[in-house]
Amino acid sequence: MEPAALEKFPSPGKGSGLRCLRRLRPGELLFRAEPFAYVVTKEQLGGVCERCLRRNEHLHRCSQCKVAKYCGKSCQKEAWQDHKQECKCLKSIKPNFPPDSVRLAGRIVFKLLRQSVCLSEKLYSFSDLQSNTEQLSEEMKEGLRHLAQTLQLYLKAEIQDASQLPPAIDFFQIFTKWYGLEDCYLSGICLPVHQCAVL
Ligand SMILES: [Zn+2]
Ligand SMILES: [Zn+2]
């Protein structure tokens, strides 16, 4: 769907904003896109399809990592691009499993490396997102540093050092771009990153 009636604008001290350029009808849908990246939360793992997020009691397991589950072949095929590299990482750290935010950060890294066109970037790209480092307390920064270390270990099977990361991103910054989004759990099923939701 084309975000035709929307315009981006900078909001000093608050980041970026979106405004509509014409009168709106109540309830009018302006833009719809899949999140840039999302993961099923640990609590829901195995109970919902990793692609379409529908509940299903008869999910098929990824034969490689044995973690990702899908309602059928078509969902598994559609999800493969987003799962291919994390699949190796999930397998490599067994029996450990990454925290949801680390698994999501991994998906973001792989998606940025693929440079694939994503409809959710039509309004804001991932690099447009402001880093929130300055607003973080020392305690929060320490928590994110810990997550960054966990991410580094988790991605080891695919990314050996920071030089292989997407340009202008490091293991720590990736978290500062969407920190606080944990409140945006989608009905508690998945953790998404959608640029417009974090403006
Ligand atoms: Zn499905
Ligand atoms: Zn897998």
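Read the numbers this way: they start at 1 and go in the same order the structure lists the ligands and their atoms. Computed over heavy atoms, backbone and side chain alike; hydrogens, waters and symmetry mates excluded.
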Subject >> Distance-only side-chain donor-acceptor flag, R107 / Q85, under 3.5 Å >> reply: no
Original post:
At the Zn ion (ligand 2), what's the angle from C65 SG to C62 SG, rounded to 10 degrees?
Top reply: 110°
Subject >> Angle, SG of C52 through the Zn ion (ligand 1) to SG of C49 - 10° precision >> reply: 110°
Subject >> Vertex the Zn ion (ligand 1), arms to C75 SG and C71 SG, rounded to 10° >> reply: 110°
Subject >> Residue pair P166 / L113: nearest heavy atoms and the distance that separates them >> reply: N-CD2, 3.7 Å
Original post:
Taking all atoms of both residues into account, what is the closest heavy-atom pair of R51 and Y38, and its distance?
Top reply: O-OH, 2.6 Å
Subject >> Side-chain donor/acceptor of Q76 to backbone N/O of K73, under 3.5 Å >> reply: no
